[in-house]
Structure formats: structure tokens, C-alpha cells
Enquirer: 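One structure, as C-alpha cells, below. Some questions next.
As the structure is a computational prediction, the values presented were derived from the model and not from experiment.
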Amino acid sequence: MDRRSLLIAAPALALTPRSAAAGDHPVASTVNGPVRGVRDGGVITFKGIRYGADTGPRRFQPPSRPAPWTRPVDAFAHGCASPQRGDEPNQGEDCLFLNVWTPGLDAARRPVMVYIHGGAYSTGSGSSPLTDGARLARRRDVVMVTLNHRLNLFGYASLGRFGVFPDSGNAGQLDLILALEWVRDSIAAFGGDPDRVMVFGQSGGGAKIATLMAVPAAQGLFHRAATMSGQQVTASGPMNAAIRARAWLDALNLPPERAHEAASLPVETLLKAAEIRDPVLPYGGLYFGPVLDDRTLVRHPFYPDAPAQSAAVPMMIGNTRDETLAFLGNDPANFALNWDDLPARLTPVNLRVDIAPETVVAEYRRLHSDWSPSRVFFAATTAARSWRAAVIEAELRAQQGSPAFVYQLDWPSTLANGYRGAPHMSDIPLAFDTVQAPGSLAIGPTAQTMADRVSTAFAAFAATGDPNHSGLPAWEPYALPRRQTMILDDVCRMEDDPRGGERRLFARVPYVQPGT
């Protein structure tokens with residue numbers, strides 16, 4: 001048995017979690033060692049708990065548990081985020097940390113809500129003020145967890161076909177599994193129930209969860225799953241992943257036989273080389289995401305069907321009505337379109353599906369004769385490239401006999417340019433009850449009311465596998481042919497097959513998961 005196997009096996013028989021309060025800095029036992037938190041406003045917060053060893057010395061390899069410790073370690077500040085482009089602070093390869101918010105270190109066995117952040121597998125962290133878990137813990141009596149893991153090339157560069165690092169294409173997913181094992185083994189010490197663990201995530205976080213639902217090693221580590229504007233129908237195929245890795249190695253001036261040298265190059269050099277155009281897609285930068293490697297991932301997440309291993313896991317699937325406002329709403333030209341401009345604007349870059357734009361425009365004008373060209377543009381790009389995958393996953397779950405609870409957020413936010421709609425990310429502050437946090441798009445006199453409704457639904461789902469509560473009309477699971485969907489708005493309501501005309505339009509052409 002190698003060292004990693006010993007480290008993984010040992011905690012299973014090492015301890016029953018225990019906790020000890022110490023004034024304003026309570027101490028909780030974890031599978032790796034004791035940690036000291038901060039008591040504030042009825043919630044005990046632990047930030048920066050190490051769940052894995054430094055990934056730098058094991059770059060492109062599966063994660064390992066940290067060396068155990070015996071003296072309490074202060075968990076007062078967020079740990080490092082994975083190296084990435086952008087303005088995420090506090091980056092480093094030593095990034096396997098998580099954060100816990102709990103009402104008490106007791107034996108209450110509360111529902112556990114584990115949030116996996118978005119960022120298209122490339123950016124982000126579990127440290128955003130929007131995803132602070134204090135209000136959920138305090139107001140909904142749950143234990144909240146957020147986490148960091150390896151992203152972009154550090155988590156998903158697939159080098160196995162070059163004879164090195166066979167698990168590199170899914171290292172980021174293996175990090176998530178290690179974090180969920182930590183939750184299983186340690187969360188009871190934080191007042192949580194290891195048998196009621198809900199994973200939820202937005203955008204890339206939802207996609208990571210959809211992927212975990214098909215990863216054998218993740219089976220049994222979570223008991224409910226909720227995806228928010230984040231789907232993963234297919235993973236990257238092994239050959240496409242190898243083409244991308246080869247292009248990245250070329251940018252590093254490394255031939256395939258020297259691929260192992262990437263493990264010792266500076267972080268900045270690796271990130272800079274990844275700024276090339278994607279050699280597989282007709283648009284965008286280099287894609288890194290889960291890979292069908294026949295090791296960690298042995299089937300596509302939701303192709304050709306819903307994964308059988310997760311059939312018994314209750315699921316929520318949600319999207320926002322105007323997803324692409326978040327990506328395309330900063331270009332004033334998209335709000336000044338005329339009918340002659342629109343087809344050229346609906347290119348594959350924006351639709352992400354191979355369909356004649358004239359066909360799309362004609363059908364939308366037939367369905368919605370009162371809509372402007374700009375409204376058609378945002379509706380069509382949302383339906384084709386984002387909502388389509390959510391529909392596919394919901395339909396496959398219904399066909400499997402394990403349907404999902406589906407929602408569509410219509411409640412509008414106001415963008416910086418004054419345009420109102422429900423863009424990508426606008427459901428995050430509603431689910432977390434953080435409408436006052438910096439960066440929240442949930443602004444207006446009814447924002448807190450909506451946050452109360454949505455956050456209660458998420459907490460109820462964590463507790464029971466059913467999001468129904470007294471603040472919403474009866475929420476029915478999605479079933480064919482009705483396609484029941486909860487419309488979240490100032491007046492919430494159930495609808496059968498909302499946007500059915502749009503669904504049928506894009507169902508005429510094959511769907512390929514963007515990036516894969």
C-alpha cells in the first residue's frame with residue numbers, strides 16, 4: 001500500500017469527531033486535526049480549513065490528505081484560491097481549503113449544504129462575499145460549506161495520452177471528492193449530518209456537480225444535488241482533450257516526450273501559455289474541463305442517459321430567464337439591433353449551435369410578434385447555449401423515473417446599463433440570502449422577499465430532498481410530457497413547458513456541450 005493509500009485509509013478508523021467550546025474561539029475536531037473558529041452573531045465560522053496537502057509538489061496528480069496535526073490550528077481566514085487569470089486574490093497551488101459556518105458545535109445533525117463555486121472550471125473560489133454562508137447557517141439552521149480546488153490547467157489539463165500524469169484531466173474533480181470525503185468524516189463535529197449532504201453550485205459549479213453524479217468514486221458522498229445555470233451533458237472526449245493539451249505544450253515549447261517538464265515550470269509560465277485560442281472550438285480561449293478518461297470518469301455525465309448511480313439522489317435544476325445578459329449585455333450594439341442586423345449577430349459564437357440564424361429569427365417573430373430584435377437576440381442565445389442543456393438533463397431524469405425539481409428565475413435585476421432582466425448569476429444572492437453583499441444583482445424593494453423564498457427552498461431541499469415550503473405554491477417534480485417548472489418571480493407560479501416553442505425550435509438540431 002502506498003503512502004497516499006495509507007493516509008486515506010487511516011482517518012476512517014482514527015476518530016469519532018469531538019468538539020470543545022472555548023469562548024469566542026471554539027475548537028472542533030476534524031479528520032486531520034483540531035481547528036479553532038470564531039463565534040460571531042450566533043454563528044461559528046471556520047475559514048481556511050485544510051482538507052488536502054499542498055498540490056504544488058503533486059502537480060497534475062491526484063490530491064492527498066494533509067499530514068495530521070494535534071494542536072488546534074486557527075481557521076480565521078480564507079485559504080488560497082487555485083492559480084488563475086483574473087483578479088481573484090490570494091492565489092497559490094496550496095489551495096485545498098474549505099470554510100464552514102454552523103449554528104453550533106453540538107449533536108444537532110443539521111442538513112449540510114456544500115457549495116461548489118463557478119467560473120467555467122477556470123476561475124473563482126469559495127471566498128466570495130456572495131457565497132458567505134453565515135446567513136444561511138443562522139436563519140435556516142444548516143451547516144454551510146464552501147471550498148477551493150484546482151482549476152484550469154492545474155485541475156483539468158489532460159496529459160495522460162503523452163504517457164505522464166494519467167489522472168491530470170480530472171484532478172480538479174478528484175479534489176472535490178477529497179473535500180466531500182472530509183465532509184463525510186468531519187462534519188458531525190460541526191453540528192452537521194453526514195447522511196444529509198447537499199451539493200449545490202452555480203454555472204461551472206453546477207457543471208462540476210453534474211459531472212460528479214457520474215463519477216463512481218463520488219457515489220454516496222452527497223445525498224441531494226442542485227445545479228444553478230450549470231449543466232454538463234458531455235465531458236471532453238479524450239482525443240479532443242489531448243489536442244488541447246498538445247496545443248498548450250506547443251505554447252510552452254515542450255514536445256510531447258517532454259510533457260513531464262510542465263510539472264516543474266513556474267505557475268505564471270503555465271498560465272500564460274494557456275492564453276492561446278482553442279484548437280477544437282471555433283470560438284474562445286483554451287477549454288479545460290472534465291475528461292472522459294476511463295479512470296475517474298468512465299461515461300459522459302448526462303449522455304446517453306441520466307447516470308444510474310445518481311438515480312436515487314434528489315435533484316434541482318435551475319436557470320435564469322435571461323442568462324446571456326451577463327455575457328452579452330455589456331455591448332451597446334446588442335441593444336440597438338434591427339431585423340437586418342440580427343441574423344449576423346446570431347453566429348455560432350453566440351448561439352453555440354449549428355442552426356440557420358434566419359430560421360431562428362423567423363420562428364421567434366412567429367412566436368413573439370411583439371418582441372424587439374434585441375429581445376430575440378438575448379432570448380435565442382440563452383435558449384440555445386445555456387437553457388438547452390438544463391432541459392436535456394431534466395428530460396433524462398424524468399425518463400429515468402427520478403425526476404428533478406426544475407425552476408426558472410424570471411425575477412428581474414437591474415444591470416449597470418439600466419437594462420432589466422434575470423441574467424446569469426442573479427440567483428446566487430437569492431439562494432444564499434446575501435442580497436446586500438458586494439456584487440449582488442438582487443436589487444430592489446422585493447429582493448429580500450425573493451431571497452427568503454429561494455433560500456428557504458434550498459434549505460428545505462437540503463433537509464428533505466424536497467424544496468416545497470409555505471412561501472411557494474406547490475412545487476411538482478418535472479415529468480413528461482408536462483415539464484412542470486417553478487417560475488420564480490414576484491408572484492411565483494408553476495407552469496407546464498414554459499418557453500415550449502423555443503424548446504422545440506432548438507430540439508431540431510443536435511446539442512453539443514460548449515467546450516467539449
Enquirer: Can you say whether the rings of H300 and Y303 are parallel (under 30°), tilted (30 to 60°) or perpendicular (over 60°)?
Expert: perpendicular
Enquirer: For L430 and F458, run side-chain contact (heavy atoms from CB on, under 4.5 Å): C-alpha distance rounded to whole Å, both residues' side-chain angles, the deciding distance at 0.1 Å, then the answer.
Expert: CA-CA 10 Å; L430 303 180; F458 273 73; over 6 Å; no
Enquirer: Do F405 and Y478 have side chains that get closer than 4.5 Å, going by heavy atoms?
Expert: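 F405 does not reach Y478 side chain to side chain.
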Enquirer: Would you say the side chain of P83 lies within less than 4.5 Å of the side chain of F154, judging by non-hydrogen atoms?
Expert: yes
Enquirer: Using 0.5 Å steps for rounding, measure from the OG1 atom of T382 to the CG atom of L351.
Expert: 10.5 Å
Enquirer: Between the side chains of D278 and R244, is the shortest nitrogen-to-carboxylate-oxygen separation below 4.0 Å, so that they form an ion pair?
Expert: yes
Enquirer: Give the minimum heavy-atom separation between L472 and P467, together with the two atoms involved.
Expert: CD1-O, 4.4 Å
Enquirer: Any chance CD of Q436 has more than 12 other-residue heavy atoms, nucleotides or ligands included, within less than 6.0 Å?
Expert: no
Enquirer: Atom CG in L176, atom OG1 in T211: separation rounded to 0.5 Å?
Expert: 9.5 Å
Enquirer: S455 vs R139, test: side-chain hydrogen bond (donor to acceptor under 3.5 Å, both in side chains). Steps then yes/no.
Expert: CA-CA 9 Å; S455 64; R139 301 188 71 209; 5.4 Å; no
Enquirer: Please assess V267 against T269 for the test side-chain contact (heavy atoms from CB on, under 4.5 Å), listing each intermediate value before the final yes or no.
Expert: CA-CA 5 Å; V267 166; T269 299; over 6 Å; no
Enquirer: Would you say the side chains of E88 and S125 form a donor-acceptor pair under 3.5 Å?
Expert: yes
Enquirer: When the ring planes of Y364 and F506 are compared, do they come out parallel, tilted or perpendicular, using 30° and 60° as the limits?
Expert: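 It falls in the tilted class, 30° to 60°.
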Enquirer: Is the backbone N or O of G500 less than 3.5 Å from a side-chain atom of R483, with the two atoms forming a donor-acceptor pair by type?
Expert: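 Not confirmed, R483 side chain does not pair with G500 backbone.
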Enquirer: Would you find more than 12 non-hydrogen atoms of other residues, nucleotides or ligands less than 6.0 Å from D490 atom CG?
Expert: yes
Enquirer: For D427 and S229, which heavy atoms make the closest approach, and how far apart are they?
Expert: OD2-OG, 4.2 Å
Enquirer: Yes or no on side-chain contact (heavy atoms from CB on, under 4.5 Å) for I443 and T414, after CA distance, side-chain angles and deciding distance?
Expert: CA-CA 7 Å; I443 301 170; T414 302; 5.7 Å; no
Enquirer: With a 4.0 Å cut-off, would you call R482 and D497 a salt bridge?
Expert: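 Salt bridge absent between R482 and D497.
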Enquirer: Considering all heavy atoms of both residues, which atom of L96 and which atom of P63 are nearest to each other, and what is their separation?
Expert: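 For L96 and P63, the tightest heavy-atom pair comes out as CD1-CB, 3.8 Å.
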Enquirer: Regarding Q232 and Y121, do their side chains bring together a donor and an acceptor under 3.5 Å, going by distance alone?
Expert: yes
Enquirer: Can you name the nearest heavy-atom pair linking L130 to A437, along with the distance?
Expert: CD2-CB, 4.1 Å
Enquirer: Is there side-chain contact between T45 and N99, with heavy atoms separated by less than 4.5 Å?
Expert: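 SC-SC contact between T45 and N99 ruled out.
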Enquirer: Check this for me: N338, atom CG, are more than 12 non-hydrogen atoms of other residues, nucleotides or ligands nearer than 6.0 Å?
Expert: yes
Enquirer: Does the structure place the NZ or CZ of R138 under 6.0 Å from the centre of the six-membered ring of W101, at an angle of no more than 45° from the ring's axis?
Expert: no
Enquirer: So do V361 and W339 actually touch side chain to side chain, heavy atoms under 4.5 Å?
Expert: yes
Enquirer: Find the distance between CZ (R420) and CG (L415) and round it off to the nearest 0.5 Å.
Expert: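 Spacing of CZ (R420) from CG (L415) equals 10.0 Å.
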Enquirer: Is any side-chain heavy atom of L286 closer than 4.5 Å to one of P279?
Expert: yes
Enquirer: Atom CD in Q202, atom CD1 in I116: separation rounded to 0.5 Å?
Expert: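 Between Q202 CD and I116 CD1, I get 13.0 Å after rounding to 0.5 Å.
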Enquirer: Quick one: do the S402 and Q400 side chains pair a donor with an acceptor below 3.5 Å?
Expert: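 Checked: S402/Q400 side chains pair up, N/O donor to acceptor below 3.5 Å.
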Enquirer: Thinking salt bridges, do R50 and D94 make one under a 4.0 Å N-O criterion?
Expert: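 So R50 pairs with D94 through a salt bridge.
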Enquirer: Which pair of non-hydrogen atoms, one from A398 and one from A479, has the smallest distance, and what is that distance?
Expert: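 Closest approach of A398 to A479: CB-CA, 4.2 Å.
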Enquirer: Please walk me through it: do H78 and N148 pass side-chain contact (heavy atoms from CB on, under 4.5 Å)?
Expert: CA-CA 10 Å; H78 293 295; N148 298 344; 5.9 Å; no
Enquirer: Between S122 and R85, does any side-chain donor sit less than 3.5 Å from a side-chain acceptor?
Expert: no
Enquirer: Taking the six-membered ring of Y283 as reference, does the cationic atom of R352 (NZ for Lys, CZ for Arg) lie under 6.0 Å from its centre and within 45° of its axis?
Expert: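 That pair qualifies as a cation-pi contact.
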Enquirer: Hey, are S82 and H149 close enough side-chain-wise for a donor-acceptor pair under 3.5 Å?
Expert: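 Distance-only check fails for H149 and S82.
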Enquirer: Any carboxylate oxygen within less than 4.0 angstrom of a Lys/Arg side-chain nitrogen, looking at E395 and R397?
Expert: no
Enquirer: Check R150 with E93, please: is the shortest side-chain N to carboxylate O separation under 4.0 Å?
Expert: no
Enquirer: Using 0.5 Å steps for rounding, measure from the CD1 atom of I428 to the CE atom of M228.
Expert: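 Reported to 0.5 Å precision, the distance equals 6.0 Å.
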Enquirer: According to the interplanar angle, ranging from 0 to 90°, do the rings of F288 and W248 count as parallel (below 30°), tilted (30 to 60°) or perpendicular (above 60°)?
Expert: perpendicular
Enquirer: Evaluate the side-chain proximity of T227 to M316: yes if any heavy-atom separation is below 4.5 Å, no if none is.
Expert: no
Enquirer: What verdict does the ring pair (Phe, Tyr, Trp, His ring centres under 6.0 Å) test give for F76 and F46, after you've listed the backbone C-alpha separation in whole Å, the side-chain angles of each residue and the deciding distance to 0.1 Å?
Expert: CA-CA 6 Å; F76 299 165; F46 299 81; 8.9 Å; no
Enquirer: Does a salt bridge link E323 with R385, judged by any charged N lying under 4.0 Å from a carboxylate O?
Expert: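 R385 and E323: not salt-bridged.
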Enquirer: Check V233 against E393 and note the closest heavy-atom contact, atom names and distance.
Expert: N-OE2, 4.0 Å
Enquirer: Can R345 and D331 be counted as an ion pair, charged N to O under 4.0 angstrom?
Expert: yes
Enquirer: Working to the nearest 0.5 Å, report the span between CZ of R321 and OG of S426.
Expert: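 R321 atom CZ to S426 atom OG measures 12.5 Å (nearest 0.5 Å).
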Enquirer: Take H424 and S203 through the side-chain hydrogen bond (donor to acceptor under 3.5 Å, both in side chains) test and state the conclusion after the steps.
Expert: CA-CA 8 Å; H424 194 69; S203 193; 2.9 Å; yes
Enquirer: Please answer whether the main-chain N or O of D433 pairs with a side-chain N or O of R135 as donor and acceptor at a distance below 3.5 Å.
Expert: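 Flag set: sc R135 to bb D433 pair under 3.5 Å.
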Enquirer: Is R499 close enough and on-axis enough to W387, meaning under 6.0 Å and within 45°, for cation-pi?
Expert: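 Yes, a cation-pi geometry.
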Enquirer: Let me know which of V145, V142, V199 forms a side chain to side chain contact (heavy atoms under 4.5 Å, CB included) with M113.
Expert: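 Considering V145, V142, V199, a side chain to side chain contact (heavy atoms under 4.5 Å, CB included) with M113 is found only for V142.
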Enquirer: Taking the side chain as C-beta and beyond, is there a heavy-atom pair between V114 and V197 under 4.5 Å?
Expert: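 They are in side-chain contact.
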Enquirer: Pairing donors with acceptors under 3.5 angstrom, does anything connect the side chains of T516 and T234?
Expert: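 Side chains of T516 and T234: pair found under 3.5 Å.
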Enquirer: Around atom CG of D87, are there more than 12 heavy atoms of other residues, nucleotides or ligands at under 6.0 Å?
Expert: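 It does not: D87 CG has 12 such atoms or fewer within range.
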Enquirer: Is it true that N350 and T381 share a donor-acceptor pair across their side chains at a distance under 3.5 Å?
Expert: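 Result is no, nothing qualifies.
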Enquirer: Please work out which of the three classes, parallel, tilted or perpendicular, describes the rings of F378 and F335, given edges at 30° and 60°.
Expert: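 Geometry flag for F378 against F335: tilted rings.
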Enquirer: Should the ring pair W475 and Y407 be called parallel, tilted or perpendicular, given that the plane angle runs from 0 to 90° and is split at 30 and 60?
Expert: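 Aromatic pair W475/Y407 classed perpendicular.
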Enquirer: Is it true that D410 and Q408 share a donor-acceptor pair across their side chains at a distance under 3.5 Å?
Expert: yes
Enquirer: Would you mind reporting whether S386 and T324 have side-chain heavy atoms less than 4.5 Å apart?
Expert: no
Enquirer: Side chains of W411 and T320: is there a donor and an acceptor less than 3.5 Å apart?
Expert: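 No, no side-chain donor-acceptor pair sits under 3.5 Å.
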